[in-house]
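All remarks here apply to the structure that follows.
Within every chain, numbering begins at 1; the chains are lettered A, B, ... in the order of the sequence lines, protein sequences first and strands thereafter.
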Number of protein chains: 2
Amino acid sequence: MPTPTDSDLPASHGLYPIRHVCAETGINPVTLRAWERRYGLIRPLRTPKGHRLYSAEDIARIRRILELLDEGVAVSQVGRVLQHETPAAGSSDRDRHAPLLLDDAAFGTHTHRPGGGIAPHVLDPITDTLLETTRALDTVQLERSYARLLMRHGWEGVHERAFLETYETLREAARHDPLDEARFAVFTAWAVSSLSDQLRSALQLCEGPTCPCVVPASGHRRLNGLLLLLASARQGLRVLPLQDVVSPAAMQALTEQLDAPAIVVHTPSRSLQSSAFEGLQRLLRADGVPAFLAGEGARGLADLNGPRPLEILPPSPLAAADQLSRQLLDPAER
Amino acid sequence: MPTPTDSDLPASHGLYPIRHVCAETGINPVTLRAWERRYGLIRPLRTPKGHRLYSAEDIARIRRILELLDEGVAVSQVGRVLQHETPAAGSSDRDRHAPLLLDDAAFGTHTHRPGGGIAPHVLDPITDTLLETTRALDTVQLERSYARLLMRHGWEGVHERAFLETYETLREAARHDPLDEARFAVFTAWAVSSLSDQLRSALQLCEGPTCPCVVPASGHRRLNGLLLLLASARQGLRVLPLQDVVSPAAMQALTEQLDAPAIVVHTPSRSLQSSAFEGLQRLLRADGVPAFLAGEGARGLADLNGPRPLEILPPSPLAAADQLSRQLLDPAER
DNA sequence: CAGGATTGTACAACATTTGTACATAAATTC
DNA sequence: GAATTTATGTACAAATGTTGTACAATCCTG
């Protein structure tokens with residue numbers, strides 16, 4: 001067994017003690033340890049007694065860190081950058097340079113990997129991307145992927161079809177595999193939050209009369225409702241989102257108070273507690289401003305006869321939004 | 001349609017502190033902050049402690065702003081121009097740069113609104129403001145008011161008490177008056193959306209292991225759950241929000257896949273369909289990583305004996321988040 | 001020209017970041 | 001076994017940031 005040469009490096013193993021690394025890079029050992037402790041920037045191997053052993057890659061990584069620092073990146077953020085620079089490196093590497101504690105297991109390698117998992121290729125390529133990214137269960141990654149898709153294909157391009165298609169595909173897959181169920185849950189949560197967010201932004205730019213919209217609070221129609229709201233708001237229609245559990249009385253009061261020109265009601269899921277469902281029926285049957293019926297089940301609700309004018313919107317959220325805004329917005333302002 | 005630059009978004013995912021941005025662009029940090037405060041020209045990300053982090057895009061945007069200023073455009077108008085220039089690129093971006101706050105305009109210490117105050121002053125003044133604003137049923141205004149409160153009292157100041165107090169007050173009022181029910185619905189919808197949005201932003205800065213959190217999908221505990229998630233994320237804990245309808249199997253799969261150090265379960269509403277409720281019980285009874293129980297009813301769930309370690313969190317969402325992050329995050333000098 | 005809004009900057013009071021120092025214990029080297 | 005190096009935890013301090021408030025110089029506008 002060759003003893004490590006005294007003065008210099010045990011280069012035979014390619015592993016260097018901290019003193020060598022510091023001499024090489026000019027960093028104070030204390031700093032190097034602080035980086036490791038605080039940000040997990042480098043995670044050297046250890047001797048059985050705990051002494052650090054840096055590999056050549058570690059040193060290269062440190063050099064890269066110095067570059068980034070020089071560039072002005074905050075030390076606390078360097079880790080994130082590096083993580084994105086070396087996404088596909090072997091998972092062992094990833095473990096080693098993870099932030100402080102353990103790290104997440106998978107994260108979206110997301111290079112077009114047609115050999116991949118769940119999705120057959122009949123699907124829209126956009127859907128494919130979304131699905132692929134969702135597999136990693138990393139919402140931040142999902143966010144990025146989504147932003148990129150938006151940039152490439154435009155809002156309509158992504159939401160015309162792919163968005164709901166992704167949702168449905170995942171929903172289907174969720175039936176068979178618990179992990180897919182988890183993916184479905186994560187995607188749904190993210191989607192709802194993202195759409196709500198966009199809705200809020202879009203509404204800031206809307207003017208004109210407010211139009212209360214009753215949309216499903218839960219269930220698989222929820223995204224449809226949100227898409228309808230968002231698409232309408234993007235056209236400039238100032239919608240006011242309400243969940244389908246509001247009482248008819250509240251809706252009436254609201255409509256009056258706001259002097260709303262119309263209300264929109266999205267078909268609720270069948271599973272909705274019948275009390276709420278009946279509430280909606282009662283609302284529609286009551287007198288008042290015109291009501292627009294959205295969603296696949298709209299036709300079924302249109303039979304109610306009452307004094308309130310009812311109008312059926314197309315099943316596609318985007319198309320429905322088009323028609324809505326066409327009828328409710330003053331053409332002069334657009 | 002060929003995309004002009006199909007190159008991926010920012011090659012550098014670096015996030016820069018304000019000092020670097022200022023050195024780079026020559027703007028006084030004070031000015032940069034004033035632009036943000038007054039016109040929302042750039043809305044950088046924030047570290048959990050509130051330090052600004054500018055992305056490469058942000059810097060590019062600042063350069064563009066300087067160009068416009070040079071062209072003679074008024075600072076106050078730059079936002080409008082930019083918004084027009086960048087039409088449909090991710091709406092979330094639009095939100096990030098939306099104008100929001102007022103400035104030096106001395107908004108009085110909220111003594112009396114000329115519109116006639118109804119709320120008795122036993123309530124927190126912050127609550128009072130929120131209630132007052134909610135009366136108008138205008139979410140955009142609510143947004144502004146909220147932003148102002150945040151500025152004045154800080155996030156904790158607003159959410160420690162006032163936020164939920166407002167919610168409960170409205171919920172109570174909703175029982176008696178349809179219009180108040182409508183207000184309650186509007187406030188809730190807005191609150192959920194706002195908190196979700198903040199959560200998404202906060203998560204972008206979180207590192208470390210992902211911690212799945214089961215929170216109520218609906219009902220009056222929903223905001224509690226969201227607050228817990230958000231407060232935790234603000235401390236740097238990378239939570240993964242899941243609604244309380246996920247199956248135990250999915251949770252197990254998820255936990256394994258992510259190699260999560262623990263799971264968090266917020267007490268569901270009693271009204272939760274018993275199947276889902278039992279699912280949670282089953283999940284808690286199963287073997288696995290430690291589970292933290294949050295919410296007022298946590299104590300009631302802790303009796304289950306199973307192999308999984310259970311720990312009860314304080315009922316206040318903020319306090320719970322504190323404890324959570326203290327136990328799950330690396331104790332390195334925070 | 002007076003009164004008001006715009007807009008860049010200054011300052012105070014306080015919090016965070018981050019490199020480094022120190023004390024103590026343990027390992028390594030000679 | 002003495003001298004040196006390292007690990008770990010705690011602690012600091014200087015630089016940097018943050019918010020709220022204030023103010024002066026401009027620029028409008030009637």
What is the minimum heavy-atom distance between B/V73 and B/Q77, and which atoms define it? CG1-CB, 4.0 Å
Provide the closest heavy-atom pair for B/I62 versus B/L32 in the form atom of the first, atom of the second, distance. CD1-CD1, 3.9 Å
It should be established whether [X] places a side-chain nitrogen or oxygen under 4.0 Å from OP1 or OP2 of nucleotide [N].
| X | N | answer |
| --- | --- | --- |
| B/W35 | C/dG8 | yes |
| A/S76 | C/dT18 | yes |
| A/T31 | C/dG19 | no |
| B/Y39 | C/dT6 | no |
| A/N28 | C/dT18 | no |

Whole Å only: how far is the [atom1] atom of [X] from the [atom2] atom of [N]?
| X | N | atom1 | atom2 | result |
| --- | --- | --- | --- | --- |
| B/Q77 | D/dC27 | CD | P | 16 Å |
| A/R37 | C/dT18 | CZ | P | 13 Å |
| B/E36 | C/dG8 | CD | P | 15 Å |
| B/W155 | D/dT19 | CH2 | C1' | 18 Å |
| A/I42 | D/dA7 | CD1 | P | 11 Å |
| A/R38 | C/dT16 | CZ | C1' | 11 Å |
| A/L32 | C/dT18 | CG | C1' | 14 Å |

Just by distance, with hydrogens left out, do [X] and [Y] show a side-chain donor and acceptor under 3.5 Å apart?
| X | Y | value |
| --- | --- | --- |
| B/E165 | B/T169 | no |
| B/S194 | B/D197 | no |
| B/S145 | B/T133 | yes |

Ignoring hydrogens and geometry, is there a side-chain-to-backbone donor-acceptor pair from B/R183 to B/R135 under 3.5 Å? yes
Answer yes when A/R64 and A/E67 have at least one side-chain N-carboxylate O distance shorter than 4.0 Å, and no when they do not. yes
Taking five pairs at each end of the helix from C/dC1-D/dG30 to C/dC30-D/dG1, what angle separates the two helix axes (nearest 10°)? 30°
Which of these passes side-chain contact (heavy atoms from CB on, under 4.5 Å) with A/I65: A/V75, A/I27, A/V81, A/L82? A/L82
Please produce a list of atom pairs where a protein N or O lies less than 3.5 Å from an N or O of nucleotides 13-18 of chain D.
from: D/dT16; atom 1: O3'; to: B/R19; atom 2: NE; distance (Å): 2.9
from: D/dG17; atom 1: OP1; to: B/R19; atom 2: N; distance (Å): 2.7
from: D/dG17; atom 1: OP1; to: B/R19; atom 2: NE; distance (Å): 2.7
from: D/dT18; atom 1: OP1; to: B/R52; atom 2: N; distance (Å): 2.6
from: D/dT18; atom 1: OP1; to: B/R52; atom 2: NE; distance (Å): 3.1
from: D/dT18; atom 1: OP2; to: B/R33; atom 2: NH1; distance (Å): 2.4

So which one's nearest nucleotide on DNA chain C is more toward 5', B/I27 or A/V30? B/I27
Any side-chain heavy atom of B/V78 within less than 4.5 Å of one from B/Y39? no
